[in-house]
Amino acid sequence: MTQQSESNTTTATTGSSATATTDPTGTTHPAAPAGRSRPAATTDPAGTPLPPTPSPASPLAPSPASPLAPFPPHAEPRPLGERRVWPRTFHDRLTAPLPGLKAMARFAREGAVRPGREGLADIPRLPFAPGPLPRVDTRTVAVTWAGHASWVVRIGGLTVLTDPVWSRRILGTPARITPVGVAWEALPPVDAVVISHNHYDHLDAPTLRRLPRDTPVFAPAGLGRWFQRRRFTRVTELDWWEAAELSGVRFDFVPAHHWSKRTLTDTCRTLWGGWVLTDPDGQRVYFAGDTGYGHWFGRIGRRYPGIDLALLPIGAYDPRWWLSDVHCDPEEAVRAAQDLGARRMAPMHWGTFILSAEPVLEPLTRVRTAWEKAGLDREDLWDLPVGGSRVLE
């Protein structure tokens with residue numbers, strides 16, 4: 001995967017034998033102790049300073065929790081529903097080139113978007129166990145997997161839906177192979193919705209039409225107009241590393257290795273990313289949305305230390321030559337959880353829609369194997385069935 005170049009933005013402050021540094025936000029960082037050098041700060045494509053990239057660890061070695069403070073400091077929350085002007089395109093945020101003519105020709109020759117007959121044979125074995133939503137209070141964090149990237153997250157007294165898709169079918173794919181894990185009628189009042197990007201399996205107009213139009217929506221930069229055309233009145237668009245707050249819960253929008261497109265003419269016209277939700281007690285859930293593996297995970301973990309639960313995609317990865325830049329495979333998802341420093345991981349983005357060629361049950365078996373090989377505690381892999389719930393203790 002090709003990472004974007006980042007410019008050196010460190011400046012020296014004179015007046016002592018050891019130099020202090022000032023980042024682009026104007027924050028001065030202490031000088032490194034004598035005899036030790038301080039790596040230069042860098043900026044991401046949005047102009048935000050980032051910590052130096054750590055040297056890579058063993059791919060499946062457990063990562064110790066970082067005692068370091070967030071770097072850079074978290075952004076001040078932006079006003080809810082703020083009207084903003086965005087760039088015409090976000091192509092500069094891509095971490096890998098989009099497929100060109102040669103790749104398209106190869107895919108036409110040998111690409112596959114469905115498993116073979118043997119790969120589909122396990123559909124009846126896909127885990128599906130709907131149950132009642134857990135009872136929660138304002139200090140309880142609980143998650144329920146509705147299927148694909150749709151979660152019911154209960155945090156800080158709020159009920160938050162992630163990329164809600166309750167439709168039986170989405171454009172360009174066969175119908176769901178497992179039912180929705182939570183009946184719409186069983187949902188408590190929805191306090192907020194977070195959207196990762198505009199692909200049809202993550203932004204579903206028929207589902208969103210079921211919501212009251214004053215439901216708070218947190219969306220990537222550039223996507224607000226889509227909601228406003230549908231008469232949603234409380235839409236907050238954010239760039240990477242920006243945040244907003246609702247009833248004491250903080251919503252931070254963070255980078256992902258992906259892209260956006262909904263029509264023939266809007267490639268990368270809106271941003272894509274994941275969300276870090278933090279309650280007033282500091283309990284933290286990371287929702288990755290849709291993403292390939294890459295450098296952003298370590299930087300998200302450095303900036304948001306203490307992630308209690310990471311909701312990470314493990315499916316839609318085969319063939320790898322075609323999908324590796326934009327979709328994690330199960331082993332990469334485990335590595336991503338370690339890079340994040342997450343205490344627990346819940347797999348998603350599998351077992352719901354057929355989007356690629358791997359056997360339907362393979363993502364689950366591979367993620368369990370990768371978790372075990374990494375030497376991680378089995379209790380910290382929340383491999384829920386569709387409709388299953390867990391409460392953060």
Side-chain angles (χ1 to χ4, degrees), residues 74-82 131-166 180-196 202-204 207-220 223-224 227 232-238 242-254 273-289 304 306-311 342-344 346 348 382 384 387-393:
H74 295 164
E76 286 296 316
R78 299 193 69 93
L80 294 175
E82 180 183 19
L133 295 177
R135 293 186 177 183
V136 298
D137 58 29
T138 58
R139 306 192 71 176
T140 302
V141 174
V143 295
T144 303
W145 189 34
H148 203 53
S150 302
W151 293 86
V152 184
V153 180
R154 321 286 289 285
I155 184 169
L158 301 182
T159 297
V160 181
L161 300 186
T162 70
D163 289 358
V165 180
W166 261 251
V180 181
V182 183
W184 188 262
E185 297 74 19
L187 289 173
V190 176
D191 298 298
V193 171
V194 298
I195 300 295
S196 64
H202 294 259
L203 180 64
D204 183 53
T207 299
L208 293 165
R209 279 199 295 267
R210 300 185 183 194
L211 292 167
R213 295 305 186 269
D214 62 351
T215 303
V217 175
F218 296 89
L223 197 53
F227 284 94
F232 282 86
T233 60
R234 301 176 67 189
V235 183
T236 302
E237 299 172 87
L238 296 177
E242 292 184 340
E245 281 189 4
L246 178 67
S247 301
V249 176
R250 184 179 167 106
F251 294 72
D252 284 78
F253 190 53
V254 295
W275 293 91
V276 177
L277 309 184
T278 308
D279 74 3
D281 292 330
Q283 297 180 104
R284 185 165 282 161
V285 176
Y286 165 65
F287 167 66
Y304 303 94
I307 293 173
D308 294 287
L309 174 64
L311 311 176
R343 298 186 175 100
R344 303 164 190 84
M348 65 172 181
W382 289 10
L384 299 177
S389 300
R390 288 289 294 268
V391 177
L392 197 63
E393 298 295 342

More than 12 heavy atoms from other groups under 6.0 Å of CZ on Arg139
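Not buried by this count: 12 neighbours or fewer within 6.0 Å.
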
Taking the side chain as everything from C-beta on, heavy atoms only, tell me whether [X] gets closer than 4.5 Å to [Y].
X      : Y      : result
Leu246 : Arg234 : yes
Val285 : Trp151 : no
Leu223 : Leu203 : yes
Thr215 : Phe227 : no
Phe232 : Leu208 : yes
Asp191 : Ser247 : no
Leu311 : Trp382 : no

Are the side chain of [X] and the backbone N or O of [Y] linked by a donor-acceptor pair below 3.5 Å?
X      : Y      : result
Arg390 : Val143 : no
Ser150 : Val165 : yes
Glu82  : Leu238 : no
Glu237 : Gly224 : yes
Thr162 : Ala149 : yes
Arg154 : Leu133 : no
Thr207 : Trp166 : yes
Asp279 : Asp281 : yes

Smallest separation among heavy atoms of [X] and [Y], with atom names:
X      : Y      : result
Ser389 : Thr144 : OG-OG1, 2.6 Å
Leu187 : Val182 : CD2-CG1, 3.8 Å
Ala142 : Val136 : CB-CG1, 3.9 Å

Gap separating the [atom1] atom of [X] from the [atom2] atom of [Y], nearest 0.5 angstrom:
X      : Y      : atom1 : atom2 : answer
Phe287 : Ser196 : CZ    : OG    : 5.0 Å
Glu393 : Thr140 : CD    : OG1   : 9.0 Å
Ile195 : Asp163 : CD1   : CG    : 5.0 Å
Ile307 : Arg343 : CD1   : CZ    : 9.5 Å

After noting the C-alpha distance and the side-chain angles of His74 and Arg250, does the key distance pass the side-chain contact (heavy atoms from CB on, under 4.5 Å) rule?
CA-CA 11 Å; His74 295 164; Arg250 184 179 167 106; 3.2 Å; yes

Are Tyr286 and Trp275 an aromatic pair, judged by ring center distance below 6.0 Å?
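Aromatic pair excluded; centres sit 6.0 Å or further apart.
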
List the steps and the verdict of side-chain contact (heavy atoms from CB on, under 4.5 Å) for Arg344 and Leu392.
CA-CA 10 Å; Arg344 303 164 190 84; Leu392 197 63; 3.2 Å; yes

So, Arg284 and Asp308, do they make that salt bridge, N to O below 4.0 Å?
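No salt bridge links Arg284 with Asp308.
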
If we check side chain to side chain contact (heavy atoms under 4.5 Å, CB included) with Val193, which of these qualifies: Val160, Leu211, Val235?
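Single side chain to side chain contact (heavy atoms under 4.5 Å, CB included) partner of Val193 among Val160, Leu211, Val235: Leu211.
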
